[in-house]
Novice: 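Mind having a look at this structure? Questions to follow.
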Amino acid sequence: MVWSPPVVILNFKTYREATGIGAERLAYVAETVSRELGVNVAVAVQSTDVYRISSRYEVIVLAQHVDHHREGSWTGHVTALALREAGAAGSLVNHSERRLGISEIAGAVEALREQGLVSVVCADTPSVAKAVAALGPDYVAIEPPELIGTGISVSKAKPEVVTESISTIRSLGLEVPVICGAGISSPEDVARAIELGTVGVLISSAFVKAKDPQSFLTSVCEAALNSFGRRRS
Ligand code: G3P
C-alpha cells in the first residue's frame, strides 16, 4: 500500500523530546498540520509509543523497526503482528541506526505484508537501494548516514545519491516510490528532494529540535505540496 504523495515521515528516533508525552506533543503537531494541509504525514515512533500515539491521534503511525520473526517464542523481538495490534500502519526497516542483514530485511518486508502493513525500507547507498527494492517493499528510503543529523541535506549536498538510487531501481523495471532523508532541515531541502524525483522526505532532528515544530512542519509540507504540484504540471 502507498499513500498519495507527497509524504513526510517524521522519525522521532529516541530523542527525549519525542518520547512518551513528548511523542504525544509532536504527534499532535503532525496531526494538525496533516489535517490542515492535506499532506500525508507519518510519525515513526518508538515501539513503546505506537499504541499511545495511534489510539489518541489521527496521524499515520510507523514503528522504527520490526523483526522478521512471526508469532511464537521470540522474547524481546518486535513482530509485525504486535505492531498491527498496537495500531501501527507500518514500519521503517533497516534504518542506518538499526541495520539488518538482507535476509532479515526480506523477512521483515514479508512479515509486514502478511499483516497488511506498509514497509519503508532504508538504504545507505544506491546499490543497497537497488537490492532492497528487489524485495518488493512499499517504499525505499535513501539516507546517506554521514549526513544524518548534520543539517546538511542529502538533496542539496548529495543529490546524485538520490537520482542514482531512483535510476538504478527503475533499471530493474520497478516502480517502488523513493523517499530521501538525512540533514533535511528547510523547505528548500524538501522542494529539492521532490524535484529529484522522490515522493517525499524523512526528517528527524530539524523537526524534533525545532523551536516551533508546527511552523517548521507547515513550511516543509507547503514546500512539498508546491514542489510536487510543479513536477506534475
Ligand atoms: O530517518 C531520518 C533520519 O535518519 C534523518 O535524520 O536528523 O538528519 O533529519 P536527520
Novice: Mark yes or no for whether Asp138, through its side chain, and Val2, through its backbone, hold a donor-acceptor pair below 3.5 Å.
Specialist: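 No; zero donor-acceptor contacts below 3.5 Å.
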
Novice: Begin from the C-alpha positions of Tyr15 and Ser205 and carry the test side chain to side chain contact (heavy atoms under 4.5 Å, CB included) through to its verdict.
Specialist: CA-CA 9 Å; Tyr15 288 121; Ser205 47; 3.7 Å; yes

Novice: Can you name the nearest heavy-atom pair linking Val176 to Ala133, along with the distance?
Specialist: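 Of all heavy-atom pairs spanning Val176 and Ala133, the closest is CG1-CB, 3.8 Å.
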
Novice: Same hydrophobic cluster for Leu81 and Leu112, using side-chain heavy-atom links shorter than 4.5 Å among ILVMFWY?
Specialist: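 No, Leu81 does not connect to Leu112 through the hydrophobic network.
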
Novice: Specify the closest pair of heavy atoms between Val50 and Gly87, including all atoms of both residues, with the distance to one decimal.
Specialist: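 Heavy atoms of Val50 and Gly87 come nearest at CG1-C, 4.3 Å.
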
Novice: Which is it for Ile203 and Phe216 under the side chain to side chain contact (heavy atoms under 4.5 Å, CB included) test, yes or no, and what are the steps along the way?
Specialist: CA-CA 11 Å; Ile203 303 175; Phe216 172 78; 4.2 Å; yes

Novice: May I ask you to decide if Val66's main-chain N or O and Arg98's side chain share a donor-acceptor pair within less than 3.5 Å?
Specialist: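 Flag not set: sc Arg98 to bb Val66 has no pair under 3.5 Å.
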
Novice: So if you build clusters from Ile, Leu, Val, Met, Phe, Trp, Tyr with side-chain heavy-atom gaps below 4.5 Å, do Phe207 and Val41 land together?
Specialist: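 Both belong to a single hydrophobic cluster.
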
Novice: Short question: side chain of Arg113, backbone of Leu117 - any donor-acceptor pair under 3.5 Å?
Specialist: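 It does not hold such a pair.
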
Novice: Are Pro6 and Val199 close enough that some pair of their side-chain heavy atoms sits under 4.5 Å apart?
Specialist: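 No, too far: nothing below the 4.5 Å cut-off.
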
Novice: Among Val8, Leu10, Asp189, Val220, find the residue that satisfies the side-chain contact (heavy atoms from CB on, under 4.5 Å) test when tested with Val201.
Specialist: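 The passing option is Val8.
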
Novice: Taking Gln64 for its side chain and Ala44 for its backbone only, find out whether a donor-acceptor pair lies under 3.5 Å.
Specialist: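 It does hold such a pair.
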
Novice: Do Ser153 side-chain atoms and Gly183 backbone N/O form a donor-acceptor pair below 3.5 Å?
Specialist: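 Side chain of Ser153 to backbone of Gly183, a donor-acceptor pair under 3.5 Å: no, none is there.
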
Novice: Hey, any chance Val208 and Val33 share a hydrophobic cluster, counting ILVMFWY side chains that come within less than 4.5 Å of each other, even indirectly?
Specialist: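 Same cluster.
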
Novice: Should Val7 and Val61 be counted in the same cluster of Ile, Leu, Val, Met, Phe, Trp and Tyr side chains packed under 4.5 Å apart?
Specialist: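 As far as the 4.5 Å side-chain criterion goes, Val61 and Val7 are not connected within one cluster.
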
Novice: Just by modelled atom types, is the Ser219 backbone N or O under 3.5 Å from a matching donor or acceptor in the Glu222 side chain?
Specialist: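 Looks like no, no N/O pair under 3.5 Å.
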
Novice: Which heavy atom of Ala18 sits nearest to which heavy atom of Leu26, and what is that distance?
Specialist: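 That closest heavy-atom pairing would be CB-CD1, 3.8 Å.
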
Novice: Quick one, Val154 and Ile148 - any side-chain contact, counting heavy atoms below 4.5 Å?
Specialist: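 The answer is no, as the side chains (C-beta and beyond) never meet within the 4.5 Å cut-off.
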
Novice: Quick check on Tyr51: does its OH atom have over 12 non-hydrogen neighbours (other residues, nucleotides or ligands) under 6.0 Å away?
Specialist: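 No.
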
Novice: Could you tell me if the side chain of Arg192 sits less than 4.5 Å from the side chain of Pro187, heavy atoms only?
Specialist: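 Sidechains of Arg192 and Pro187: no contact.
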
Novice: So do Ile179 and Val140 actually touch side chain to side chain, heavy atoms under 4.5 Å?
Specialist: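 The answer is no; the side chains never approach within 4.5 Å.
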
Novice: For the residue pair Val109 and Gly136, what are the closest heavy atoms and their distance?
Specialist: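 Scanning both residues, the minimum pair turns out to be CG1-O, 4.0 Å.
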
Novice: I'd like to know if the side chain of Ser96 and the backbone of Pro145 have a donor-acceptor N/O pair within less than 3.5 Å.
Specialist: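 Side chain of Ser96 to backbone of Pro145, a donor-acceptor pair under 3.5 Å: no, none is there.
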
Novice: Quick one: CG on Asn94 to OG on Ser119, what's the gap to the nearest 0.5 Å?
Specialist: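 Result: 12.0 Å between the selected atoms.
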
Novice: Using 30° and 60° as the class boundaries, would you call the ring planes of Tyr139 and Trp3 parallel, tilted or perpendicular?
Specialist: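 Ring orientation, 0 to 90° scale: parallel.
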
Novice: Measuring from atom CG of Asp124 to atom NE2 of His95, what distance do you get when rounded to the nearest 0.5 angstrom?
Specialist: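 Result: 10.5 Å between the selected atoms.
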
Novice: Strictly by modelled atom types, are Thr19 and Asp49 linked by a side-chain donor-acceptor pair under 3.5 Å?
Specialist: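 The criterion, which ignores hydrogens and geometry beyond distance, is not satisfied for Asp49 and Thr19.
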
Novice: I'd like to know whether Arg231 forms a salt bridge (charged side-chain N to carboxylate O under 4.0 Å, His left out) with Glu195, so could you lay out the CA-CA distance, the side-chain angles of the two residues, the decisive distance to 0.1 Å, and finally the verdict.
Specialist: CA-CA 7 Å; Arg231 202 171 87 192; Glu195 284 162 18; over 6 Å; no

Novice: Take Ile53 and Val45 through the test side chain to side chain contact (heavy atoms under 4.5 Å, CB included) and record every step on the way to the result.
Specialist: CA-CA 8 Å; Ile53 302 302; Val45 303; 4.3 Å; yes

Novice: Looking only at heavy atoms, which two atoms of Cys180 and Ala193 are closest? And how far apart?
Specialist: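 So the minimum-distance heavy-atom pair works out to SG-CB, 3.5 Å.
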
Novice: Nearest 0.5 Å, what's the OG-NZ distance between Ser171 and Lys130?
Specialist: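 Result: 4.5 Å between the selected atoms.
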
Novice: Are Ser91 and Leu83 side-chain neighbours, meaning at least one heavy-atom pair lies under 4.5 Å?
Specialist: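 Yes - at least one pair of side-chain heavy atoms lies under 4.5 Å apart.
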
Novice: Does CD belonging to Glu114 count more than 12 external heavy atoms closer than 6.0 Å?
Specialist: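 Result for CD/Glu114: enclosed.
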
Novice: Applying salt bridge (Lys or Arg N to Asp or Glu O under 4.0 Å), name anything that partners Lys158, two or more places apart in sequence or on another chain.
Specialist: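 If we apply the salt bridge (Lys or Arg N to Asp or Glu O under 4.0 Å) test to Lys158, skipping adjacent residues, the hits are Glu146.
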
Novice: Do Lys13 and Glu97 touch side chain to side chain, with heavy atoms closer than 4.5 Å?
Specialist: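 Counting from C-beta outward, Lys13 and Glu97 do come under 4.5 Å.
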
Novice: How close do Ala191 and Ser227 get, counting heavy atoms only, and between which atoms?
Specialist: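 The pair with the smallest heavy-atom distance is O-OG, 2.9 Å.
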
Novice: At what distance, to the nearest 0.5 angstrom, does CG of Leu135 lie from OG of Ser103?
Specialist: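 Result: 10.0 Å between the selected atoms.
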
Novice: Is it the case that the side chain of Asp67 and the backbone of His69 share a donor-acceptor pair, with hydrogens and angles ignored and the cut-off at 3.5 Å?
Specialist: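 Absent.
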
Novice: Do Ser34 and Glu31 have side chains that get closer than 4.5 Å, going by heavy atoms?
Specialist: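 The answer is no; the side chains never approach within 4.5 Å.
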
Novice: Are any side-chain N or O atoms of Ser204 and backbone N or O atoms of Asn11, one a donor and one an acceptor, separated by less than 3.5 Å?
Specialist: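 At least one qualifying donor-acceptor pair exists.
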
Novice: Contact between Thr79 and Glu71 at the side-chain level, heavy atoms closer than 4.5 Å - yes or no?
Specialist: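 Thr79 does not reach Glu71 side chain to side chain.
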
Novice: Treating Ile, Leu, Val, Met, Phe, Trp and Tyr as nodes and any side-chain heavy-atom pair under 4.5 angstrom as an edge, say whether Phe12 and Val120 lie in one connected cluster.
Specialist: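 Different hydrophobic clusters.
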
Novice: Tell me which one of Val93, Val121, Leu100, Ile169 satisfies side-chain contact (heavy atoms from CB on, under 4.5 Å) with Val132.
Specialist: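 Only one of Val93, Val121, Leu100, Ile169 forms a side-chain contact (heavy atoms from CB on, under 4.5 Å) with Val132, namely Val121.
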
Novice: To the nearest 0.5 Å, how far apart are CZ in Arg170 and OG in Ser165?
Specialist: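 Atom-to-atom, Arg170:CZ and Ser165:OG are 10.5 Å apart.
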
Novice: Is a donor on one side and an acceptor on the other found under 3.5 Å between the side chain of Ser54 and the backbone of Ala86?
Specialist: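 Looks like yes, one N/O pair under 3.5 Å.
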
Novice: Under the side chain to side chain contact (heavy atoms under 4.5 Å, CB included) criterion, do Glu24 and Arg56 qualify, and how do the steps go?
Specialist: CA-CA 8 Å; Glu24 286 208 39; Arg56 296 181 195 173; 2.5 Å; yes

Novice: To the closest 0.5 Å, what do you measure between CD (Glu143) and OG1 (Thr125)?
Specialist: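 Between Glu143 CD and Thr125 OG1, I get 12.5 Å after rounding to 0.5 Å.
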
